[in-house]
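What follows is a short report on a single structure.
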Amino acid sequence: MADDNRMPMNRTVVAYALASLLLGGYSIWRYLMGDYSRILLPASLALVMLVACLMCIASVSQARLAAYLALIVGYLMLALELPWLDEAGIMWLGFAPLLTVLLLPLASAMLLNLLLTPAWLLLSDTQLDAHLALSYVAMALVAALVPWEQRRQQALLDATNPRDPHCNALAREAMHELLASEYKRTQFLGQPFAVLALHLPQLEMASEQFGNRARQALLDALCLAVNRFSRRHDFLGRQSASTFWLVLPDTSQSGVQMVQQRIGQALETTVLVDTGPLQVKIAHCQRLPGESWPRFEQRLLTLTRQLGNN
């Protein structure tokens, strides 16, 4: 989870660093062209972008402030250059709404784009007419499609992702589908089948007493210990907020007892800073000869409820 959150931040840092280099290069180019009156602002803004880059590297919590700085830098550079671009300035009008939607939340970005419409049209130094105003509004709407499409794609990925968003386990719906499939497969092949139920009562109060960080540490420790003693074709799923199922296809009674003992010993020796030793209740449910899937599922659910109530 942490790696997933760091990847967009790393791309942001690279973008800010490139923007700082571009502004610095632009200042040098203005110096070489002898246009000394237009050197100070881009050179100063290059330092501001460097500060924004360093803020993102130092702390994720400062990313929003860094985005505001980047937006101000983009606005100032656009305001500096638009009056000098003549007719070509029309092409750069779309830069302002695009930059806004990339750096701000969608609602705030759309409101800001509409409020700044007169300012950008006046700075473009072209003849104001309805066609130009409609072009700017159209560009603002098209730019808004970028984050909207990103949110739609992310929602689609979240809806189809079989993994639990908070730990290294399958989500409940995906686990139940795979559980039923594996049950029928092993039943057809005449193989034994078992499920290990694990209940972590500490998880219910961890976030209230110690915060989300302690809760995440409990989840990570549990999943790490369980996956360490699982085979490749076994799979761990999250049945509820504090209950997990480890599905063990082709596992006999003695095999599931051995897995339960190893996982229990590993969890007992796991000690976290905030919550102390892990306190996990473990039980197993073995398929009986000739037992149907609905009957086995009912016994497994009953066993899981008993773990949570004890």
Side-chain angles (χ1 to χ4, degrees), residues 1-10 12 55-65 105 150-151 154-179 195-230 234-248 259-285 300-310:
M1 294 298 295
D3 294 339
D4 294 340
N5 292 333
R6 289 301 303 177
M7 286 183 62
M9 186 56 61
N10 291 336
T12 303
M55 289 173 63
C56 288
I57 296 175
S59 175
V60 177
S61 61
Q62 297 182 2
R64 179 57 59 192
L65 179 57
Q150 289 177 341
R151 292 183 181 181
Q154 186 61 44
L156 181 61
L157 289 175
D158 293 340
T160 57
N161 187 10
R163 310 298 301 181
D164 187 271
H166 302 106
C167 61
N168 187 21
L170 291 174
R172 186 177 186 276
E173 294 76 10
M175 178 191 64
H176 276 260
E177 292 180 4
L178 193 56
L179 174 62
V195 176
L196 204 63
L198 303 97
H199 177 64
L200 187 58
Q202 293 167 299
L203 200 62
E204 300 172 355
M205 300 297 295
S207 58
E208 297 180 5
Q209 295 180 350
F210 305 103
N212 291 331
R213 186 174 181 179
R215 178 184 177 88
Q216 188 61 48
L218 284 170
L219 288 172
D220 293 340
L222 175 66
C223 294
L224 180 62
V226 172
N227 290 322
R228 185 189 307 169
F229 295 101
S230 301
D234 301 337
F235 55 91
L236 177 67
R238 192 172 186 180
Q239 166 63 14
S240 65
S242 57
T243 306
F244 293 80
W245 287 351
L246 177 62
V247 181
L248 303 168
V259 173
Q260 178 177 346
Q261 181 180 3
R262 290 178 177 177
I263 292 178
Q265 292 175 350
L267 293 174
E268 288 176 358
T269 58
T270 302
V271 180
L272 301 180
V273 176
D274 294 327
T275 57
L278 262 68
Q279 302 173 4
V280 183
K281 302 176 182 178
I282 309 177
H284 67 272
C285 184
L300 179 59
L301 291 173
T302 302
L303 176 66
T304 304
R305 286 194 295 268
Q306 291 175 352
L307 278 181
N309 294 332
N310 293 337

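Everything quoted here is computed from the prediction, not taken from an experiment.
Nearest approach of Leu198 to Leu307, heavy atoms of both residues: N-CD1, 4.4 Å. Across all their heavy atoms, Leu203 and Ser242 have their closest contact at CD2-CA, 3.9 Å. Shown here for Leu267 and Ala221, the closest heavy-atom pair between the two residues is CD2-O, 4.4 Å. When all heavy atoms of Cys223 and Cys167 are compared, the pair lying nearest together is SG-CB, 3.7 Å.
Between Phe235 and Leu178, the closest side-chain pair of non-hydrogen atoms falls below 4.5 Å. Within the 4.5 Å cutoff, the side chain of Leu170 has no heavy atoms near those of the Trp245 side chain. In this structure, Ile263 and Ile282 have side chains that are in contact, with non-hydrogen atoms separated by less than 4.5 Å. When side chains are defined from C-beta on, Asp220 does not count as touching Leu218, because their heavy atoms never get closer than 4.5 Å. Side chains of His284 and Val195 form no contact here, defined as non-hydrogen atoms less than 4.5 Å apart. By the 4.5 Å heavy-atom criterion applied to side chains, Leu236 and Asn227 are counted as neighbours.
Remark: Thr243 engages His199, Ser240 in a side-chain hydrogen bond (donor to acceptor under 3.5 Å, both in side chains) (not counting sequence neighbours). Arg172 is linked by a side-chain hydrogen bond (donor to acceptor under 3.5 Å, both in side chains) to nothing, counting only residues two or more places apart in sequence or in another chain. With sequence neighbours left out, Arg163 forms a side-chain hydrogen bond (donor to acceptor under 3.5 Å, both in side chains) with Asn168.
Using modelled atom types, no side-chain atom of Gln279 and backbone atom of Leu200 make a donor-acceptor pair closer than 3.5 Å. Under a 3.5 Å cut-off, the side chain of Gln216 and the backbone N or O of His166 do form a donor-acceptor pair. Side-chain atoms of Arg238 come within 3.5 Å of backbone N or O of Ala241 as a donor-acceptor pair. With hydrogens and angles disregarded, no donor-acceptor distance shorter than 3.5 Å links the side chain of Asp234 to the backbone of Ser230.
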For Phe244 and Gln239: C-alpha separation, side-chain torsions, deciding distance, then whether side chain to side chain contact (heavy atoms under 4.5 Å, CB included) applies. CA-CA 5 Å; Phe244 293 80; Gln239 166 63 14; over 6 Å; no
For the pair Leu248 and Leu246, evaluate side chain to side chain contact (heavy atoms under 4.5 Å, CB included) and give the outcome as yes or no after the intermediate values. CA-CA 6 Å; Leu248 303 168; Leu246 177 62; 3.8 Å; yes
Working for side chain to side chain contact (heavy atoms under 4.5 Å, CB included), residues Val226 and Leu196: CA-CA 10 Å; Val226 172; Leu196 204 63; over 6 Å; no
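Phe229 CZ to Gln261 CD: the interatomic distance, rounded to the nearest 0.5 Å, is 10.5 Å.
Around atom CZ of Arg305, more than 12 heavy atoms belonging to other residues, nucleotides or ligands sit under 6.0 Å away.
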